[in-house]
S.K.: 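One structure, pasted below without further comment.
Just so we're on the same page: letters track the sequence lines, and every chain starts at 1. What's counted below: heavy atoms across the whole structure, side chains too, no hydrogens, waters or symmetry copies.
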Amino acid sequence: MDKEVRVRFAPSPTGHLHIGGARTALFNLLFARHNNGKFILRIEDTDTTRSTDEYIEAIIQGMKWLKLDWDEGPFRQTARFDIYKSYAEKLLGEGKAYRCYCSQEELEQRRQEAAAQGRPPKYDGRCRNSEHQPDKPFTVRFKTPQEGQTIVNDLIKGVVEFENNQLDDMIIVRSDGTPTYNFVVVVDDIDMKITHIIRGDDHLNNTPKQILIYKAFDWDPPAFGHLPMILGADKARLSKRHGATSVMAYEEMGYLPDALVNYLVRLGWAYGDQEVFSRDELIKFFDLENIGKSAAVFNPEKLLWLNGQYIINSTAAEIADAVLPFLVKAGIVRNDEHIDKEWLSKAVKTLQERSKTLIELATSLKYYINEHVEIDQKAKEKFLKPDSIKVLAELKAELENMSDFSAVELEKVFVSLAEKLSIKLGSIAQPVRVAITGSTASPGIFEVIEIVGKDKTLKRLSKVIEGG
RNA sequence: GUCCCUAUCGUCUAGCCCGGCCUAGGACAUCGCCCUUUCAAGGCGGUAACGCGGGUUCGAAUCCCGCUGGGGACGCCA
């Protein structure tokens with residue numbers, strides 16, 4: 001029997017959970033669930049000058065919103081410094097690492113000189129044989145073999161070969177005693193029994209360095225799978241200038257977490273021609289084999305379409321719950337105001353197929369909830385001319401006598417009035433729509449009126465008829 | 001500069017591993033038509049791609065080489 005699959009998502013808390021990170025986390029989760037394995041969250045906060053607790057919280061919040069549930073963690077590397085220290089000492093003791101006394105300024109200067117002369121900006125290994133100088137600050141460098149090749153057998157990219165002499169002696173412990181990424185990632189992945197490392201392909205170049213560390217400890221490296229990057233519309237690496245990149249910004253813009261997940265999974269992964277997947281389907285179908293090798297451009301329009309699909313395919317009650325915070329935020333309902341869920345669901349139902357985001361939906365909901373509506377000037381000019389007003393007056397008289405204010409009954413009244421006046425139904429419906437909703441576009445006018453109710457409907461008609 | 005990855009419609013992709021079924025399929029966007037009380041949703045249809053050059057082969061989007069384009073890495077960041 002194979003050993004249990006264990007994967008991890010290892011963000012560094014130097015920013016919010018962004019689109020790229022979320023997709024990496026998602027692929028890890030899906031891989032774990034598909035293989036009945038475990039998904040571990042590990043916070044890579046060894047850079048204590050840039051990591052913050054706020055960002056840890058933000059990342060966790062983003063993962064929870066997307067329902068990327070992890071099984072173990074979050075583990076913080078800053079809580080594990082003793083472990084790394086003992087391993088670094090082991091390497092030092094075995095002569096596989098050495099103390100380097102070069103200062104940051106010296107190193108920077110040498111890099112610049114190298115760049116100016118067109119040489120590779122590689123550390124020259126000059127401290128490899130230095131005497132121990134107890135009174136001087138030092139970093140610990142890994143003694144990278146300078147001959148031979150290191151092969152990465154990547155699950156996604158295939159076999160990738162690196163010349164060891166391209167790699168330099170990387171720093172594994174900073175002069176302040178804290179360990180660095182390429183070192184701790186190896187120690188942790190072994191310690192946490194990670195079987196598959198699935199991460200962005202910006203890490204592919206780090207992989208041979210890490211494999212060399214595994215070898216130095218005589219450990220078997222896990223399997224690697226490097227995911228292609230996500231780019232912006234200009235094919236440059238996705239960043240703030242391409243618009244919203246933080247996952248939580250999408251929540252604020254009225255996106256559903258399942259829609260974002262569905263969009264993200266299709267960036268680099270495909271299952272035939274299928275576009276919309278349930279979570280269960282994703283777990284069932286997900287496979288590293290179906291992941292593409294080339295970078296993908298983030299396309300907000302398709303995400304918007306998918307969000308619309310998810311809104312349509314959810315139940316009205318689900319969407320009503322989801323839209324409520326947006327109604328409060330937009331000031332359409334007060335925080336403490338009671339709003340009838342069943343009624344709200346009815347209203348939501350008429351708007352589902354016309355809303356691509358919850359923000360849009362909440363905005364449209366205004367004319368159901370508010371007492372009065374603001375009428376669009378252009379709509380008014382076009383549909384609330386004297387002739388139409390006269391029709392509205394006749395309609396109002398008819399409506400006042402109705403007891404069953406249902407869409408079915410309303411339609412009958414509208415139709416017979418149209419016949420009586422020998423005009424098209426649209427000649428009544430459109431002015432009414434403007435009077436009731438304030439605009440020329442809305443769900444079917446009969447259902448709108450039913451939901452708005454007799455009281456508000458008559459008030460709004462009166463206001464228009466009286467020229468208010 | 002060096003190293004690494006990559007290359008099918010504007011975008012996401014199927015097909016490529018196991019050459020012929022590809023006159024290259026689907027989706028978003030876009031355009032047109034239908035439905036219709038408006039707007040949507042939905043249905044139908046259109047425009048639109050194998051980066052270039054060499055091979056191999058009876059035959060290449062599919063295999064090989066080169067070029068070009070794009071991305072990434074080269075940090076006491078991760």
S.K.: If you count the non-hydrogen atoms of other residues, nucleotides and ligands that lie under 6.0 Å from NZ in A/Lys85, is the total more than 12?
M.R.: no
S.K.: Heavy-atom count check: over 12 atoms from other residues, nucleotides or ligands less than 6.0 Å from A/Lys454 NZ?
M.R.: yes
S.K.: Provide the distance between the two P atoms, one in B/C35 and one in B/C44, to the nearest whole Å.
M.R.: 15 Å
S.K.: Give A/Pro443 one of three labels, base, sugar-phosphate or nothing, depending on what nucleic acid heavy atoms sit under 4.0 Å from its own.
M.R.: base
S.K.: Using a cut-off of 4.0 Å on non-hydrogen atoms, how would the nucleic acid contact of A/His226 be classed: base, sugar-phosphate, or nothing?
M.R.: nothing
S.K.: Considering only heavy atoms and no angle criterion, is a donor-acceptor pair shorter than 3.5 Å present between the side chain of A/Asn206 and the base of B/A78?
M.R.: yes
S.K.: When the P atoms of B/U47 and B/G26 are considered, how many whole Å apart are they?
M.R.: 12 Å
S.K.: With RNA chain B as reference, determine whether A/Phe446 or A/Arg111 sits nearer its 5' end, using the nearest nucleotide of each.
M.R.: A/Phe446
S.K.: May I ask which nucleotide in the shown strands pairs with B/U2, Watson-Crick or G-U wobble, both distances under 3.5 Å?
M.R.: B/A73
S.K.: Rounding to the closest angstrom, what is the interatomic distance between B/C16 and B/A49 at atom C1'?
M.R.: 15 Å
S.K.: If you measure from the C1' atom in B/G69 to the same atom in B/A29, how many Å do you get, rounded?
M.R.: 24 Å
S.K.: Encode nucleotides 2-13 of chain B as B, S and - characters from 5' to 3', where the letter depends on protein heavy atoms closer than 4.0 Å: B to the base, S only to sugar-phosphate, - to neither.
M.R.: SSSSSS---SBS
S.K.: Please check if the distance between the ring centroids of A/Phe277 and A/Trp269 is under 6.0 Å.
M.R.: yes
S.K.: So does A/Ser442 reach the base of B/C39 with its side chain, donor to acceptor, closer than 3.5 Å?
M.R.: no
S.K.: Quick check on RNA chain B: between A/Phe138 and A/Arg433, whose nearest nucleotide comes earlier from the 5' end?
M.R.: A/Arg433
S.K.: Checking all strands, does A/Gln309 fall into the base, sugar-phosphate, or nothing category for heavy-atom contacts under 4.0 angstrom?
M.R.: sugar-phosphate
S.K.: Could you tell me how far B/A48 sits from B/C9 if I compare only their P atoms? Round to whole Å.
M.R.: 14 Å
S.K.: Whether A/Arg141 engages the ring of A/Tyr123 as a cation-pi pair (distance to the six-membered ring centre under 6.0 angstrom, angle to the ring normal within 45°) should be assessed.
M.R.: yes
S.K.: For the residue pair A/His242 / A/Asp234, report whether a side-chain donor-acceptor contact shorter than 3.5 Å exists.
M.R.: yes
S.K.: Taking atom P in both B/C33 and B/G53, compute the distance separating them and give it to the nearest angstrom.
M.R.: 40 Å
S.K.: Quick one: label A/Ser103 by what it contacts on the DNA or RNA (base, sugar-phosphate, nothing), any heavy atom closer than 4.0 Å.
M.R.: base
S.K.: Which nucleotide, if any, forms a Watson-Crick or G-U wobble pair with B/U38, using both distances under 3.5 Å?
M.R.: none
S.K.: For B/C21 and B/A61, measure between their P atoms and round to the nearest Å.
M.R.: 9 Å
S.K.: Might you confirm whether atom CD of A/Gln117 has over 12 heavy atoms from other residues, nucleotides or ligands at distances under 6.0 Å?
M.R.: yes
S.K.: With rounding to whole Å, what would you report as the distance between B/U30 and B/G51 at their P atoms?
M.R.: 27 Å
S.K.: Categorize A/Asp176 for me: base, sugar-phosphate, or nothing, with a 4.0 angstrom heavy-atom threshold over every strand shown.
M.R.: nothing
S.K.: Base, sugar-phosphate, or nothing: which does A/Lys356 touch, judged by heavy atoms less than 4.0 Å apart?
M.R.: sugar-phosphate
S.K.: Using 30° and 60° as the class boundaries, would you call the ring planes of A/Phe286 and A/Phe27 parallel, tilted or perpendicular?
M.R.: tilted
S.K.: With a non-hydrogen cut-off below 4.0 angstrom, is A/Arg119 in contact with a base, only sugar-phosphate, or nothing?
M.R.: nothing
S.K.: Within the supplied structure, the quantity of interest is the number of heavy atoms (other residues, nucleotides, ligands) at a distance under 6.0 Å from A/Lys396 NZ; does it exceed 12?
M.R.: yes
